[in-house]
J.: 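Once you've had a glance at the structure underneath, I'll fire off some questions.
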2 protein chains.
Amino acid sequence: MLDQQRVDQVFHALGDANRRSMLERLSRGPASVSQLAEPMSLTLAAVVQHLQVLEQSGIIRTEKVGRVRTCSLAPQGLRLAERWINERMNLWERRLDRLGDLLAEDTQSEPQPKKHERKKP
Amino acid sequence: MLDQQRVDQVFHALGDANRRSMLERLSRGPASVSQLAEPMSLTLAAVVQHLQVLEQSGIIRTEKVGRVRTCSLAPQGLRLAERWINERMNLWERRLDRLGDLLAEDTQSEPQPKKHERKKP
DNA sequence: CTGTTGGTCAAGCATGGACTTAAGTATAGG
DNA sequence: CCTATACTTAAGTCCATGCTTGACCAACAG
């Protein structure tokens, strides 16, 4: 649970639409900083700042060769987010299943409706 | 592609550690507002504000009965985020596969890499 | 009724984050 | 060497967001 820090960074990074749009571009292949900047209505400097956030969170990886920095996706960063989400959903759905089972058992002895329904007072 | 708005809301909502911690709590079962607030070092009002963000993004669902509002996870919200992530990762990994195939073909005929590669000075 | 609990609303503050401009560095090309 | 390219860094602006306080309201207990 020490990667809570990382999870935090990753989700924070994903929380920005511009950064996500850069990620969409990168998911179709590596790109240089200025290639990434071109379709955006942002300064190059701003793009660089976003890239720093993305790299620090581990979502992308960059390498500078000559004077051009090439960025590419590092799926293990995204996988962290995916795992977090899956864990929450699994927990929740398993809970629903167990609950369903209990209700099913009850209906054998008591004349209750099958699903989880509430009455209005 | 009109749910870009929704995707934005969901990721923004997930971008906050306090909100995620509430989601962790909720993934183990529904809870009232004050139950959610209790383990956090936040005012009740602040918690309520976070809950509004979470509900508007579709990640949770809340229902008020009497004077207590009960919150529960709505997995379809999280599923939206999961899908976005999966799509990016799939695209990227498929690309890597195709690239691997190309390289494999090339190594049969030519011992040189095809594309623009530079040496480090 | 009164008091308490559980939650809501409305300002307001204060910090952080996104962006910009501007100046600087290093590399490629002629 | 000179210039253009491809970033990089620093500094400052500005707005969104997170949080607090304080007043308020509705439901239930006694």
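Residue numbers start from 1 in every chain, and the chains themselves are labelled A, B, ... in the order their sequence lines are given, proteins ahead of strands.
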J.: What integer distance in Å separates A:Met40:CE from C:dA18:C1'?
T.: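 Value for this atom pair: 11 Å.
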J.: Does anything in residues 7-34 of chain B reach DNA chain C, meaning a heavy atom under 4.0 Å, and if so which residues?
T.: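 Within this stretch, B:Ser32, B:Val33, B:Ser34 sit under 4.0 Å of the strand.
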J.: Please report the C-alpha distance between A:Leu42 and A:His50 in whole Å, then the side-chain angles of each, then the deciding distance to 0.1 Å, and finally whether the side-chain contact (heavy atoms from CB on, under 4.5 Å) criterion is met.
T.: CA-CA 11 Å; A:Leu42 282 185; A:His50 283 304; 4.0 Å; yes
J.: Is A:Arg79 paired with B:Glu93 through a side-chain N to carboxylate O contact shorter than 4.0 Å?
T.: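 Salt bridge: yes.
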J.: Using whole Å, what does the distance between atom C1' of nucleotide C:dG7 and atom CD of B:Glu38 come to?
T.: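 About 16 Å, once rounded to whole Å.
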J.: Would A:Trp92 and B:Leu23 count as a side-chain contact (heavy atoms from CB on, under 4.5 Å) if you check the C-alpha gap in whole Å, the side-chain angles of each, and the deciding distance to 0.1 Å?
T.: CA-CA 10 Å; A:Trp92 176 256; B:Leu23 288 180; over 6 Å; no
J.: Atom CD of B:Glu55 and atom P of C:dT8: how far apart are they, to the nearest Å?
T.: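 Those two atoms, CD and P, are 10 Å apart.
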J.: Is there side-chain contact between B:His12 and A:Leu14, with at least one heavy-atom pair below 4.5 Å?
T.: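 Answer no - side chains too far apart.
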J.: Send over the distance from B:Gln35 CD to C:dT5 C1', rounded to a whole Å.
T.: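 Rounding to the nearest Å, CD of B:Gln35 and C1' of C:dT5 are 14 Å apart.
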J.: Which pairs of donor and acceptor atoms, one on a side chain in residues 26-40 of chain A, lie under 3.5 Å apart (sequence neighbours left out)?
T.:
from: A:Ser27; atom 1: OG; to: A:Glu24; atom 2: O; distance (Å): 2.7
from: A:Ser32; atom 1: OG; to: A:Gln35; atom 2: N; distance (Å): 3.2
from: A:Gln35; atom 1: OE1; to: A:Ser32; atom 2: N; distance (Å): 2.9

J.: For A:Glu63 and A:Thr70, does a side-chain donor sit closer than 3.5 Å to a side-chain acceptor?
T.: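 The criterion, which ignores hydrogens and geometry beyond distance, is not satisfied for A:Thr70 and A:Glu63.
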J.: How many Å lie between CD on A:Gln52 and P on C:dA18, as a whole number?
T.: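 Value for this atom pair: 12 Å.
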J.: Calculate the interatomic distance between B:Leu51 atom CG and C:dG7 atom C1'; express it in whole Å.
T.: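 My rounded result for the distance is 11 Å.
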J.: For every nucleotide of nucleotides 20-30 of chain D, 5' to 3': is a protein heavy atom under 4.0 Å from its base (B), only from its sugar-phosphate (S), or from neither (-)?
T.: BB-----BS--
J.: Is the distance from OP1 or OP2 of D:dA6 to the nearest side-chain N or O of A:Lys64 less than 4.0 Å?
T.: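 No, no such contact exists.
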J.: A:Leu36 has an atom CG; how far is it from atom P of D:dT8, in whole Å?
T.: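 For the pair A:Leu36 CG and D:dT8 P, the rounded distance is 12 Å.
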